[in-house]
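Here is how names work: the chains are called A, B, and so on, in the same order as the sequence lines, proteins then strands, and each is numbered from 1.
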Amino acid sequence: MDSSLTRWLFTTNHKDIGILYLVTSLYFLILGGALAILMRIQLMLPNNQFLSAGPFNQAVTVHGLIMVLWFLSPLAFAFANYIVPLQIGARDLAFPRLNAMSYWFYLFGGLLAAVGFFTPGGAIDTGWTVYAPLNTLNYSRQLGVTLGGAGLLMLIASVTMGTVNFLVTIFRLRAKGMSLFKMPMYSWGILLTVFMMLLAFPSILAGVIMLVADRLLGTLYFLSNEGGAILWDHLFWFFGHPEVYILLMPGLMAIAEIFPVFARRPLYGKRILIFAAIIGSAMSFIVWAHHMFVTGIDPGFRKFMTITTEAISIPFGIITLCLILTLFRASIRFKTPMLFALGSLALFIVGGITGVFNSSVALDYNLRGTYWIVAHFHYTLVGGATGGLIAALYYWWPKMTGRMYSERLGKLHFTIYMIGFNLLYFPMHLLVDMPRRVAVYSEEGSLWLNNYLSTIGSFIFAISWIIFFLILLKSLRNGKRAESNPWGSWSLEWMVPSPPPYHNFDVNPEVESDGTIKVINANGGSVESETHNVHLSKGPLMVALGTFLALLGVSLSIFILLIGSIIFAIALFGWAKENILGRFVIREPEVGERWPFSSICNMKLGVWFFLFGEVVFFSSILGGYLFIRANSTSWPILGEVFDLKLASINTFLLITSSLTAMMALNFIRKGEQRGLKLGLLLTFALGLLFLINKGIEWEELFKHGFTPSSSLPATIFYTTTGIHGAHVLAGLIVLLYLLVRAYKGGFSRENYDSVEYFDMYWNFVDVVWLFIFPLLYLI
Amino acid sequence: MRTLGYFAVWIALILATLLQLVIFGGVKASNLRVISIMVLAWLQASLVVFFYQNVLKEPKGVSMLYLASFLTGSGLIIGMILSITHAME
Ligand code: HEM
Ligand SMILES: [Cu+2]
């Protein structure tokens with residue numbers, strides 16, 4: 001495989017993309033780290049003048065966003081991309097082009113947010129939680145906040161594509177005999193992570209869309225008292241708490257993967273550990289309001305969330321116990337990966353304990369918004385999650401690069417890392433009187449010493465990372481060649497050469513019932529010739545670039561928007577052409593472990609997963625509406641104020657379009673081409689009429705002074721029907737593609753899958769409308 | 001048979017919407033009105049999910065996860081409303 005620019009720009013191979021994620025996430029680590037050092041220098045001394053409040057706020061905010069969303073999670077996905085397919089015995093992810101697109105959306109999203117630094121007023125400066133109403137135009141006029149929102153939108157798109165892809169891959173591409181419980185722990189970690197992502201990110205997506213609408217279209221979600229701070233808190237933390245487990249899970253499971261290898265014994269209570277992790281992940285969705293204890297929410301509700309928060313320590317306690325028991329009486333080999341795994345478990349325990357303190361409402365009144373909290377989440381997120389992934393990096397580095405690194409330097413890195421980390425973050429526990437996110441503090445009190453120590457710690461910590469990068473560079477230049485299994489591990493990725501060949505396995509690997517893995521080709525079986533499968537595609541990069549420019553244009557200038565949209569359209573067209581010409585065919589392997597999704601194909605399962613995310617997304621949008629309405633003293637019933645005719649007609653149109661879509665499917669199942677075309681055409685026409693009718697309705701309402709910024713009901717009306725309308729529009733674009741294919745004779749009795757996927761989506765959009773119509777117009 | 005079934009569902013959906021409109025125009029008691037209109041909406045949604053999207057014909061995991069995502073979304077909505085109940089009294 002060549003190492004040209006084309007390869008890296010257009011690659012769709014999971015290992016290449018894993019390396020792209022690795023390099024990019026480490027780049028963002030350097031960026032976020034530099035910002036942190038700036039902050040620590042400012043806080044080193046009382047009344048310091050190094051950074052003024054404005055830049056300090058930007059540094060705090062961008063540091064937080066980068067570290068959480070552009071460094072830590074993507075680092076986990078570097079290994080998810082590279083290692084998980086190998087571990088489960090797959091040759092690639094289920095949707096390679098989609099995977100490439102995830103990467104490019106991630107990268108361009110980061111760039112979009114960073115453009116803010118070069119605009120007047122600077123980058124986003126609201127804190128990583130982007131609280132309302134600080135995030136509105138009233139308090140933050142600068143473009144940087146809008147650009148930050150746009151960057152987040154691209155990141156969320158990236159995450160959505162990634163989750164669908166990994167869910168389908170892990171469920172459907174496992175090797176024969178690789179039952180779910182036989183999967184290695186890192187793959188389990190990623191499976192749980194993407195499940196949480198699928199259901200958590202939609203609520204922040206809804207929040208960011210509302211925010212961007214407030215800022216660009218003048219809607220009133222976060223400016224109003226009825227929505228405002230608490231609405232944002234809900235949408236943010238319903239995502240935000242699962243997010244901290246999303247960040248933690250891969251690192252924690254990497255530890256679970258590494259401990260047994262270096263302790264030379266199986267993981268203690270693997271099944272129990274897995275069940276605890278599943279329960280912990282599920283529970284992460286019912287604790288979010290512990291971030292809202294001091295906002296004046298209902299005391300009964302607060303009590304419920306205190307209890308769930310305290311209860312969630314139980315599964316994580318069980319996981320921790322299983323990990324510790326794995327080491328009990330073992331003869332441990334203290335290699336670099338193991339040292340980091342041990343260290344990060346220890347630091348995680350400290351962070352978990354301070355978390356239990358936070359879950360007490362009474363204590364939280366004093367702890368909230370102080371450096372105690374900063375200490376808590378750095379022990380968990382840096383100590384636990386990042387440390388676990390650094391262990392993972394040292395563990396899998398030989399596999400990914402084919403090179404060993406210096407053990408001696410690795411141990412040096414670990415030592416300095418631990419000293420720096422604890423000196424940096426431990427004193428923060430003692431700064432319970434110091435508010436976070438404030439640029440200066442006075443000389444009174446004992447704030448000075450702990451801040452000073454912490455800054456010294458940050459320098460030491462930074463040095464440890466410089467050593468880290470030197471180790472990696474040195475290894476790449478003249479590291480010893482790595483064997484296929486340098487640590488004596490047991491999982492599948494270690495049974496292929498380091499680095500693995502382009503297609504991972506020459507024969508289909510198999511797992512026997514006792515756990516033995518076979519990758520040998522016993523009786524000359526089907527060694528598949530895979531050369532024709534080397535795939536490059538321009539689509540992913542181009543779609544991401546188009547989206548980037550379009551969003552930049554929405555914030556900056558129509559001209560850029562236009563260019564972006566053109567690139568986007570051309571890229572989609574090219575993608576569709578690749579499909580129609582069959583240039584990018586992915587064969588599904590015939591044998592494999594697919595429980596519980598054996599009787600459904602990859603693509604269909606992917607569409608289902610996507611729709612599950614959409615369910616939570618529309619729940620969040622409608623939740624925002626119901627919340628605001630419950631908070632309002634009066635609410636006009638739109639059907640009583642305005643003419644219901646147009647909206648009712650739209651309901652009939654959409655219902656009927658579901659029928660015609662089903663008929664199209666029914667016809668092609670019987671091989672009737674004309675019926676198929678007629679059905680698709682009718683569906684298209686009805687959908688188009690729906691949109692035209694919607695436009696007429698909007699225009700009427702505008703004439704009556706009912707504009708997005710005129711009132712809360714108007715805000716909600718336009719946003720909700722607008723988002724739904726965008727879904728209809730997206731459906732029409734897909735329909736156009738189906739129509740072209742149908743007229744080219746691209747469907748037959750045996751081959752009509754895309755029509756079926758479209759119907760699933762279209763019916764979903766119909767269902768959403770069946771709720772929007774009564775909720776918005778009739779009650 | 002299939003075709004007939006699809007048409008039957010379509011007719012039920014249309015009738016339910018018509019009924020919603022009739023209730024909207026006719027029933028004065030606001031609680032009864034809201035409840036019956038929303039019950040009809042749920043009915044319609046179930047018809048589409050069960051007979052057009054055919055979830056029950058999919059592997060069990062699909063309907064379970066459909067339900068899970070639905071519970072997740074409802075959990076958020078319920079939590080949001082519960083969090084302000086004391087303010088509404
Ligand atoms: C498992 C790993 C954990 C991670 C990654 C984590 C991460 C975080 C983060 C990032 C914040 C601060 C958010 C902000 O205000 O910017 C936070 C706050 C909090 N954490 Fe954790 N946490 C973890 C474990 C726990 C545990 C086990 C508990 C309770 C048993 C807990 C309870 C809390 C509470 C109550 C807060 C809110 C404190 C406040 O802002 O007043 N956390 N955590
Ligand atoms: Cu939390």
Hey, could you give me the CG/CD1 distance between A:Asp298 and B:Ile81, rounded to the nearest 0.5 Å? 12.0 Å
Under 3.5 Å donor-acceptor pairs involving side-chain atoms of residues 18-26 of chain B, not counting sequence neighbours:
residue	atom	partner	partner atom	Å
B:Gln20	NE2	B:Ile37	O	3.1

Exceeds 12 heavy-atom contacts within 6.0 angstrom, atom NZ of A:Lys670: yes
What are the two closest heavy atoms between B:Ser83 and A:Phe627, and how far apart are they? OG-CE1, 4.2 Å
What I'd like to find out is whether the side chain of B:Phe51 reaches to under 4.5 Å of the side chain of A:Asn763, using heavy atoms alone. no
Can you say whether A:Phe609 sits under 4.5 Å from chain B via the side chain, the backbone, both, or neither, judging by heavy atoms? side chain
Return the OG to CH2 distance between B:Ser69 and A:Trp608, rounded to the nearest 0.5 Å. 10.0 Å
Answer key: most heavy-atom pairs under 4.5 Å with chain B among A:Phe618, A:Phe597, A:Phe667 is A:Phe597
Let me know if A:Glu614 has heavy atoms under 4.5 Å from chain B in its side chain, its backbone, both or neither. neither
Chi angles and distances behind the side-chain contact (heavy atoms from CB on, under 4.5 Å) call for B:Met38, A:Leu778: CA-CA 9 Å; B:Met38 287 322 292; A:Leu778 301 184; over 6 Å; no
Below 4.5 Å, heavy-atom pairs only: which of B:Leu82, B:Val55, B:Val62, B:Thr72 has the largest tally toward chain A? B:Val62
How far does CD1 of B:Ile78 sit from CD1 of A:Ile286, to the nearest 0.5 angstrom? 12.5 Å
Segment of A:Ser658 engaging chain B (4.5 angstrom heavy-atom cut-off): both
Note: vs chain A, highest number of non-hydrogen pairs under 4.5 angstrom among B:Gly61, B:Gly73, B:Pro59 is B:Pro59
Whatever's closer than 4.5 Å to a heavy atom in chain B on A:Leu611 counts as side chain
Contacting moiety of A:Phe304, where chain B heavy atoms sit under 4.5 Å: neither
Nearest non-hydrogen partners of A:Gly623 and B:Ile77, listed with the distance: CA-CG1, 3.8 Å
Using non-hydrogen atoms only, which part of B:Glu58 is less than 4.5 Å away from chain A: side chain, backbone, both, or neither? side chain
A:Trp595 CH2: over 12 foreign heavy atoms closer than 6.0 Å: no
Flag yes if more than 12 heavy atoms outside A:Asn225 fall under 6.0 Å of its CG atom; otherwise flag no. no
The interface call for A:Leu644 against chain B, heavy-atom contacts under 4.5 Å, is side chain
Between A:Leu622, A:Val768, A:Val616, the one whose heavy-atom pairs under 4.5 Å with chain B are most numerous: A:Val616
Quick one: of B:Val48, B:Val34, B:Leu13, B:Leu76, who has the most non-hydrogen atom pairs under 4.5 Å with chain A? B:Leu76
Counting only heavy atoms closer than 4.5 Å, note whether A:Arg302 contacts chain B via side chain, backbone, both or neither. neither
Checking heavy atoms, do the side chain of A:Asn666, its backbone, both or neither come under 4.5 Å from chain B? side chain
Considering only NZ, NE, NH1 and NH2 on the basic side and carboxylate oxygens on the acidic side, decide whether A:Glu756 and B:Lys57 come within less than 4.0 Å. no
Heavy-atom distance under 4.5 Å to chain B: side chain of A:Phe612, backbone, both or neither? both
With respect to chain A, which residue among B:Tyr66, B:Phe7, B:Phe70 yields the maximal number of heavy-atom pairs within a distance under 4.5 Å? B:Tyr66
From OG1 (A:Thr295) to CD1 (B:Ile84), nearest 0.5 Å: 11.5 Å
Contact list (residues 194-205 of chain A to chain B, heavy-atom gap under 4.5 Å, by number) returns A:Phe195, A:Leu199, A:Ser203
If you tally heavy-atom pairs under 4.5 Å between each of A:Asp766, A:Ile230, A:Leu605, A:Thr656 and chain B, the highest tally belongs to A:Thr656
Residue part contacting chain B, namely of A:Thr651, when any heavy atom lies under 4.5 Å: side chain
Inter-residue atom distance A:Phe301.CZ - B:Thr85.OG1, 0.5 Å rounding: 9.0 Å
Steps toward side-chain contact (heavy atoms from CB on, under 4.5 Å) verdict (B:Tyr52, A:Leu659): CA-CA 8 Å; B:Tyr52 282 179; A:Leu659 175 69; 3.6 Å; yes
Less than 4.5 Å to any heavy atom of chain A: does that hold for the side chain of B:Met64, its backbone, both, or neither? neither
Evaluate the criterion side-chain contact (heavy atoms from CB on, under 4.5 Å) for residue pair A:Leu235 and B:Met80; output intermediate values, then yes/no. CA-CA 9 Å; A:Leu235 294 175; B:Met80 285 168 101; 4.2 Å; yes
Heavy-atom contact with chain B under 4.5 Å, split by part of A:Phe285: side chain
After noting the C-alpha distance and the side-chain angles of A:Ile655 and B:Thr17, does the key distance pass the side-chain contact (heavy atoms from CB on, under 4.5 Å) rule? CA-CA 10 Å; A:Ile655 288 177; B:Thr17 297; 3.6 Å; yes
